[in-house]
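In what follows, residues are counted from 1 in the order of the sequence shown.
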Amino acid sequence: MQSFTSVAALRCYLNSQLSAGERSLALVPTMGALHAGHLSLIQRARLENTVVVVSIFVNPLQFGPAEDFQQYPRTWDRDRLFCESAGVDVIFAPSAAELGIRNNANESGDLTTVIPPIAMTSVLCGKSRPGHFQGVATIVTKLLNIVKPDFAYFGIKDAQQVAIIRRLVADLNLSVKIVACAIAREDSGLAWSSRNQYLSSEQKVKAATIYRSLQRAEQVFQDGNYTSTALKAAVNQELATESTIEIEYVEIVDPHTLKTLEIVEESGLLAIAVKIGSTRLIDNIILLNRQPIVAIDGPAGAGKSTVTKQVAQILGLMYLDTGAMYRAVTWLVLNTETSLDNEPAIAELVSTCNIEFNFHPTAFNLKINNEDVTDAIRSLEVTNHVSAVAALPVVRHFMVQQQQRYGSKGGIVAEGRDIGTNVFPDAEVKIFLTASVKERSRRRFIELQNRGQHDISLEQLEIDIALRDEKDSNRTIAPLRKATDAIEIQTDGLTVTEVTERIVNLYQQKNITKNR
């Protein structure tokens, strides 16, 4: 593991590493005092990338005059060992001066700052912490520009921060994907925080009430009451059981825009800030008022499309064939004789194309630029080139946006290579379908024979599928990978009906209903 305090040294190192081959670079920004919550971010970054950078910087710009900047825990030696054991490649621990902050106070002086939309910074924590999110946005922007990561990982405990940073990245057209990771909790349910160490043992017991209050509201929501009034009342009633808890706010807002919600029609962020003694703690949950999403991932030839259609039909959900969408774009590239090496031309094609399809699992059809390509996208030529096209960052970015738009209201079964890990990480059911290369080749051979394509051998198909697996698993953007919370189903020796029944049973075991 390398450690750097200067921008110049960090950039030299990263340039040397990234020039050695195609690599994916992750940044995990922290203020040190690392704990299990940070570890969950690092572990996910490590799983999904080849180079992981952890920044450690206690940012003076985000602390108010009466806040705990001087007292904030600084545990460098422990943090270094923590990162090393977690498999971090680089620690970047700059001084304030290295990041252009010319004094040790919390004032920016003549430093160029980033000012997010006031509507997002003046609510929730922003009410009591003026200037906080401007300080966060300024330093995060600097870190993103210095490291230039492909992915940056943040904990959703700081949901307001995540929403603001996502908006910042979108508005400034920064080339980074913000990954929000689930809240890591202590055994009591208390969300991990560097400030937890300020709490006495007795205060920690009382602090567990925070999460219990969120759980109480979640139960009210699941029982069918989506009003802000009822949900906040449930939280307040539970918090009132501990007289030492001082409530700063209990709010329900849109998780993306942070606008106040009176009714949770699709999704809502239920956020809390309290004080226990002098320690300020925050927590939240996301409430989803939508039909469920079933995400089915797996390698080529595992039977995903056939199974997904049947699962959608049985459960009465819509069928989102993301693989067909990528095949449609590949067909367009080939049909227009655009070179696969001409990424700008492909970017132009993708950004201006129009994809339409029927979601119904038994009557699926797909059009691109008004031309029906339902059958054409299954050709051997498209099959042989779809991985290369799908691996292009501009194609992935466009497709994920389209897929997430289709799935915003839920009620879908989607299949692909990164549905559970990238497109719908909050899907209620995640499945990873797989089979041996030999079995997948046999299935593909029969399919091609039935279509009258007799010009390829079973042996060649085995080679092609093995190569495709390697490409899909090692591509920089959204590689084929089983989500940590996905259930794997090995389909060798199973019929389509048997696989479908297993998925339907798993769905039903989770007590998911189509309508709450």
Side-chain angles (χ1 to χ4, degrees), residues 22 173 175 177 296-301 304-306 308-309 318-361 363-408 412-419 422-424 444 447-448 451-453 455-456 461 464-465 467-472 474-480:
E22 189 175 282
N173 299 108
S175 297
K177 170 75 179 293
I296 301 178
D297 287 317
K304 298 187 301 296
S305 295
T306 304
T308 302
K309 290 176 187 176
M318 295 185 296
Y319 168 50
L320 179 60
D321 187 348
T322 61
M325 296 174 70
Y326 284 107
R327 284 175 171 273
V329 170
T330 303
W331 176 88
L332 182 64
V333 170
L334 296 172
N335 194 57
T336 55
E337 298 183 352
T338 304
S339 171
L340 294 177
D341 297 327
N342 192 343
E343 191 168 349
I346 293 175
E348 185 73 11
L349 276 178
V350 171
S351 300
T352 57
C353 75
N354 179 42
I355 298 176
E356 304 172 84
F357 55 87
N358 183 347
F359 282 105
H360 197 281
F364 178 82
N365 65 71
L366 184 148
K367 294 181 179 180
I368 188 164
N369 296 340
N370 296 318
E371 183 166 353
D372 191 322
V373 294
T374 308
D375 294 326
I377 62 172
R378 300 296 172 185
S379 71
L380 187 59
E381 185 181 19
V382 169
T383 298
N384 288 340
H385 292 95
V386 64
S387 287
V389 173
L392 296 174
V394 66
V395 174
R396 305 298 303 182
H397 179 73
F398 174 79
M399 287 300 184
V400 169
Q401 282 187 328
Q402 296 294 311
Q403 293 157 14
Q404 290 175 337
R405 181 169 63 83
Y406 289 134
S408 62
I412 63 171
V413 183
E415 62 93 358
R417 307 286 190 277
D418 61 344
I419 304 302
N422 186 43
V423 183
F424 300 120
R444 182 62 175 158
E447 179 186 352
L448 292 174
R451 291 184 179 178
Q453 298 182 26
D455 56 345
I456 188 167
L461 280 173
D464 291 344
I465 286 179
L467 287 173
R468 183 169 178 183
D469 284 352
E470 184 178 1
K471 285 181 183 177
D472 287 346
N474 294 299
R475 63 191 182 199
T476 303
I477 305 298
L480 169 66

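The number of heavy-atom neighbours closer than 6.0 Å to CG of D375, taken from other residues, nucleotides and ligands shown, is 12 or below. Residue Q404 places its CD atom among more than 12 non-hydrogen atoms of other residues, nucleotides or ligands, all under 6.0 Å distant.
Taking the side chain as every heavy atom from C-beta outward, E381 and L334 approach each other to under 4.5 Å. Side chains of V386 and I377 form no contact here, defined as non-hydrogen atoms less than 4.5 Å apart. Under the 4.5 Å side-chain criterion, counting only non-hydrogen atoms from C-beta, V329 is not in contact with L349. With contacts defined as side-chain heavy-atom distances shorter than 4.5 Å, the pair V389/Y326 does not qualify. When side chains are defined from C-beta on, I346 does not count as touching N342, because their heavy atoms never get closer than 4.5 Å. With contacts defined as side-chain heavy-atom distances shorter than 4.5 Å, the pair Y319/D321 qualifies. Annotation: side chain of E356 is not in contact with side chain of L366 (no heavy-atom distance under 4.5 Å). The closest side-chain heavy-atom distance from I296 to I419 is not below 4.5 Å.
Within the model, atoms CZ of F398 and OG1 of T352 stand 8.5 Å from one another, a figure rounded to the nearest 0.5 Å. T336 OG1 to L332 CG: the interatomic distance, rounded to the nearest 0.5 Å, is 5.0 Å. To the nearest 0.5 Å, the span separating CD1 on I412 from CE on M318 amounts to 6.5 Å. To the nearest 0.5 Å, the span separating CZ on R396 from CD on Q401 amounts to 13.0 Å. A distance of 8.0 Å separates CG in L392 from CG in L340, rounded to the nearest 0.5 Å.
Closest non-hydrogen pair, A300 versus I465, comes out as O-CG2, 4.4 Å. Here the closest heavy-atom approach between residue P393 and residue E343 is recorded as CD-OE2, 3.6 Å. A pairwise comparison of heavy atoms in A347 and V394 identifies CB-CG2, 3.6 Å as the closest pair. I368 and A328 make their closest contact through CD1-O, 3.6 Å (heavy atoms, listed as atom of the first residue, atom of the second, distance). For L320 against Q403, the heavy-atom pair with the smallest separation is CD2-O, 4.0 Å. Among all heavy-atom pairs drawn from K304 and T308, the shortest one is O-OG1, 2.6 Å.
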Test side-chain hydrogen bond (donor to acceptor under 3.5 Å, both in side chains) applied to T383 and R444, step by step: CA-CA 11 Å; T383 298; R444 182 62 175 158; 2.9 Å; yes

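Judged by distance alone, with hydrogens and angles left aside, the side-chain atoms of N335 form no donor-acceptor pair with the main-chain N or O of E337 at under 3.5 Å. Remark: the backbone N or O of D418 is paired with a side-chain donor or acceptor of D297 at under 3.5 angstrom. Put simply, the side chain of S351 never gets that close to the backbone of E348: no donor and acceptor are under 3.5 Å apart. The backbone N or O of N354 sits less than 3.5 Å from a side-chain atom of N369, completing a donor-acceptor pair. Side chain of R451 to main chain of R378: a donor-acceptor pair is present (N/O by atom type, distance under 3.5 Å, no hydrogens or angles).
With salt bridges taken as basic N to acidic carboxylate O contacts below 4.0 Å, one links R417 and D472.
Residues S305 and E415 bring a donor and an acceptor atom of their side chains to less than 3.5 Å of each other.
Applying the side-chain hydrogen bond (donor to acceptor under 3.5 Å, both in side chains) test to R468 and every residue at least two apart in sequence or in another chain returns S387.
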